[in-house]
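Right, one structure below, let's go through it.
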Amino acid sequence: MSTVFALVDCNNFYVSCERLFRPALNLRPVVVLSNNDGCIIARSNEAKSHGLVMGAPYFKQKALLRRHGVQVFSSNYALYGDLSNRVMATLQQMEPDVEIYSIDEAFIRLPTQGDRTFFQQGRRIKKTVDQCVGIPVSVGIGQTKTLAKLAATVAKKENCHKGVFHFKDDGQRDEVLAGVPVQKVWGIGSRSCKKLNRHGVYTALDLQQSDNRWIRKFMGLSCARTVLELRGQPCISLEATPSSRKSIVSSRSFRQPVTELADLKESVSCYISIAAGKLRKQGLVAANLHVFLATSRFRTDIPHCSDSRMIALSQPTSSTPLLIKAGIQELTSLYKKGVPYNKAGIMLTGLSRANRQQRNLFLPAESREDSQLMAALDQINERWGRDTLRYGSSGLTRAWSMKQSRKSPAYTTCWAELPVVH
DNA sequence: TCTGGGGTCCTAGGACCC
DNA sequence: TCTGGGGTCCTAGGACCC
C-alpha cells in the first residue's frame, strides 16, 4: 500500500496566536511584524482583503493600516514558539509519524485505516488541534509531500472543504494543478518561475507534464524531483526524527545604524550568548565561528558594505566566554571606523556532538569547571528567564537593540505576564 | 527616519591527489 | 608547436523554504 501524506498548516499562525488571548480581534484585520518592526509577515484574512501584502515594509503601509483600523503586533516568538510546541505535541499524540517541518506546519504519514476515509482523518486532526490548543489549521492530503502542500492551499482557500482537502483521483488532481500558477508549487521560487515561464511553463500542470530530461538539465535536480512529486511519485521522504543541526545563526538588525565598536561588541556578545545557549541545549559543540557586519541594502547614499570572517576554534566548544572572546577578536579586525552598520550577526558551524569529541593532544581539555559553570548558567536562565544571568560584555542598556513597540505579553511562558481573568 | 531571521540543499569551480 | 585523465574535497554563491 502506498504512503499518503498529510500537511497540517496553521492558518495565519502568528495572527491566530495573538487572537487566542484577544478573542475580540476575531474577524478584525490583524497583522504581525517581523523583528525590528520591519515588515509585515503575517496577516489575517481581513488584512489580506485590504490589500496588505506579505513582506511589505511596515513604514510604507502605516497609512493603509490606519485607514482600515488594522491591529498591529510586533512579533512575539516566546508566544508563537510555545503554541507551536503545543500544536506539534497534539499531532504527535494522534499519529506516530510526524515531521515538524516549520513553526506552523507538520507533515504526517496517514495510515490507511479501516473504514475512516482520509477526509475523515483530516477532519479529526483539525478538530482535535482546535479543541486542545485553539489554533485553526488546514489539512491537505496527497500521495506526495508536494501534493499535500498543494492540497493544503486548496483546503485553506475554499470554504466548501471545511479546512480539509484530499485529491480523489488523478483526474481531479490534474484539474486542480491546471489552476495553480507554477510559482505556487513548493520548491519553485521566483527565479525558477521566470525561467519556466520563458519556456512556456505557466501552471503546475504544465510543470508536471514537462520532459524529465529537459527539466533535469536546465532546472536542476530539485526541480526534477518536484516534477515527479507532482505526478504522485514520492521523492521527498518523511523525516520523523529531526536530523541534527548543521549551523546555528543569531543576528539582528539594529534599531538605528551603529558606528561605535563598543556597541557592536555588545551586540556580538549578545548573539553569541544566544547561539551558545542553543548549542548546549542540543548537546552540540561548534568548530567554527563566523562574524558578519552589514550596512543597509536599501541605502543608496553610502556604498553597501557586507563583511564576514570565519575563525576555526582551537578545539570545538560550546562555552559562551570562549566564543565571546574569539568573536570579539574577529569583530575588531572586521570593523571599519565610521561605517553606519545596520546589522551584525554570528554563525556557528562545524557542529558535532559534545560527548563524542576527539581530544587534542597538545591542548588542555576544556575544564570541568567551565562546563559546570555553563550548566548552572543555563539552569538559572531556564528557571528565571533568558538574560537573568549574562555576560557583562553583552551590555546593560543595549541602546542598539531592536525595535518592538507593539509586542503582546508572553502569556504562556512568563509568570509575570500570565493573562488575568476578571 | 523606518525594509526580518534562521535554516537547507545544490552546483560550479578551484585545489589537490595520483 | 605539441602538456592526461580521473577522482575527491572544500567553498562560495544561488535558490529555496517558512
Side-chain angles (χ1 to χ4, degrees), chain A residues 7-10 12-14 31-42 53-63 65 72-77 80-81 84 99-107 145-146 149 152-153 182-196 216-226 235-236 239 242-257 271 274-275 278-279 282 287-288 290 292 294-301 304 306 308-310 312 340 342-351 401-406:
Chain A
L7 177 74
V8 181
D9 191 348
C10 300
N12 312 328
F13 182 54
Y14 297 169
V31 299
V32 177
L33 305 176
S34 63
N35 270 337
N36 220 23
D37 292 348
C39 301
I40 294 174
I41 52 164
V53 289
M54 184 73 173
Y58 174 46
F59 75 94
K60 285 189 179 172
Q61 301 293 318
K62 274 188 179 164
L65 291 163
V72 179
F73 288 98
S74 300
S75 38
N76 181 349
Y77 288 104
Y80 312 152
S84 172
E99 173 188 340
I100 299 170
Y101 175 65
S102 73
I103 194 165
D104 67 338
E105 284 173 74
F107 286 103
K145 282 180 161 183
T146 305
K149 285 279 278 184
T153 63
V182 71
Q183 210 196 321
K184 298 275 179 196
V185 175
W186 187 44
I188 306 297
S190 63
R191 295 297 177 101
S192 300
C193 175
K194 276 188 193 135
K195 207 164 158 189
L196 288 166
R216 179 65 187 87
K217 182 155 184 212
F218 292 100
M219 302 301 300
L221 181 61
S222 314
C223 187
R225 278 204 278 252
T226 298
C235 299
I236 308 169
E239 284 168 41
S243 53
S244 146
R245 285 248 162 288
K246 297 188 172 63
S247 65
I248 293 175
V249 173
S250 179
S251 74
R252 301 278 185 280
S253 295
F254 300 126
R255 176 178 297 258
Q256 58 219 1
Y271 306 149
I274 294 170
K278 286 185 185 172
L279 207 53
Q282 297 173 48
N288 310 310
H290 311 239
F292 48 92
T295 57
S296 170
R297 294 175 289 146
F298 300 97
R299 281 182 72 162
T300 49
D301 56 329
H304 179 54
S306 173
S308 69
R309 260 180 78 95
M310 190 267 268
N342 120 107
K343 181 177 181 170
I346 67 106
M347 176 158 72
L348 300 170
T349 60
L351 307 187
S401 69
M402 66 181 176
K403 211 159 31 183
Q404 282 192 303
S405 58
R406 299 169 158 273

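Here is the naming used below: chain letters follow the sequence lines, and residue numbers restart at 1 for every chain. The figures that follow rest on heavy atoms only: side chains count, while hydrogens, waters and symmetry mates do not.
For A:N342, no side-chain nitrogen or oxygen approaches OP1 or OP2 of B:dC2 to under 4.0 Å. Contact annotation: A:K343 side-chain N/O to B:dG5 OP1/OP2 distance is under 4.0 Å. OP1 or OP2 of B:dC2 has not a single side-chain nitrogen or oxygen of A:R255 nearer than 4.0 Å. Look at A:K149 and you'll find a side-chain N or O under 4.0 angstrom from OP1 or OP2 of C:dC18. For B:dG6, the OP1/OP2 oxygens have a side-chain nitrogen or oxygen of A:R252 closer than 4.0 Å. Neither OP1 nor OP2 of B:dT3 sits under 4.0 Å from any side-chain N or O of A:S253.
The side chain of A:N35 has B:dG4 as its nearest neighbour among C:dC18, C:dA15, B:dG4.
A:V185 comes within 4.0 angstrom of sugar-phosphate atoms only, judged by non-hydrogen atoms across all strands, and of no base. Using a 4.0 Å heavy-atom criterion, one finds that A:S296 contacts no nucleic acid atom at all. Contact annotation for A:K403: no contact, since no heavy-atom pair falls under 4.0 Å across all strands. Across all strands, A:D37 comes closer than 4.0 Å to no nucleic acid atom at all (heavy-atom distances).
Residues of residues 53-62 of chain A having a heavy atom closer than 4.0 Å to DNA chain B, listed by number: A:P57, A:F59, A:K60.
Secondary structure note: stems in DNA chain B built from 3 or more consecutive Watson-Crick or G-U wobble pairs under 3.5 Å occupy B:5-18 with C:5-18.
In this structure A:R191 satisfies the side-chain hydrogen bond (donor to acceptor under 3.5 Å, both in side chains) test with no other residue, sequence neighbours excluded. Evaluation of the side-chain hydrogen bond (donor to acceptor under 3.5 Å, both in side chains) rule for A:S34 yields no partner, not counting sequence neighbours. Residues satisfying the ring pair (Phe, Tyr, Trp, His ring centres under 6.0 Å) criterion with A:F218, sequence neighbours excluded, are A:W214. Annotation: side-chain hydrogen bond (donor to acceptor under 3.5 Å, both in side chains) contacts of A:T226 (sequence neighbours excluded): none. A:D9 meets the salt bridge (charged side-chain N to carboxylate O under 4.0 Å, His left out) test with A:K156; sequence neighbours excluded. With sequence neighbours left out, A:N36 forms a side chain to side chain contact (heavy atoms under 4.5 Å, CB included) with A:S253, A:M402, A:K403. Residues satisfying the ring pair (Phe, Tyr, Trp, His ring centres under 6.0 Å) criterion with A:Y101, sequence neighbours excluded, are A:F107, A:W186. Among residues two or more places apart in sequence or in another chain, the salt bridge (charged side-chain N to carboxylate O under 4.0 Å, His left out) test is passed with A:R299 by A:D301. Listed by chain and residue number, A:S102 satisfy the side-chain hydrogen bond (donor to acceptor under 3.5 Å, both in side chains) test with A:D104 (two or more places apart in sequence, or in another chain).
A donor-acceptor pair is defined here as one N or O able to donate and one able to accept, closer than 3.5 Å; such a pair exists between the side chain of A:S75 and the backbone of A:L33. Judged purely by atom type and a 3.5 angstrom limit, A:R406 has no side-chain atom pairing as donor or acceptor with the backbone of A:S74.
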Just the table, please: protein N/O against nucleotides 7-14 of chain B N/O, every pair under 3.5 Å.
from	atom 1	to	atom 2	distance (Å)
B:dG7	OP2	A:V249	N	2.5
B:dT8	OP1	A:K246	N	3.2
B:dT8	OP2	A:S247	OG	3.1
B:dC10	OP1	A:R225	NH2	2.4
B:dT11	OP1	A:L221	N	3.1

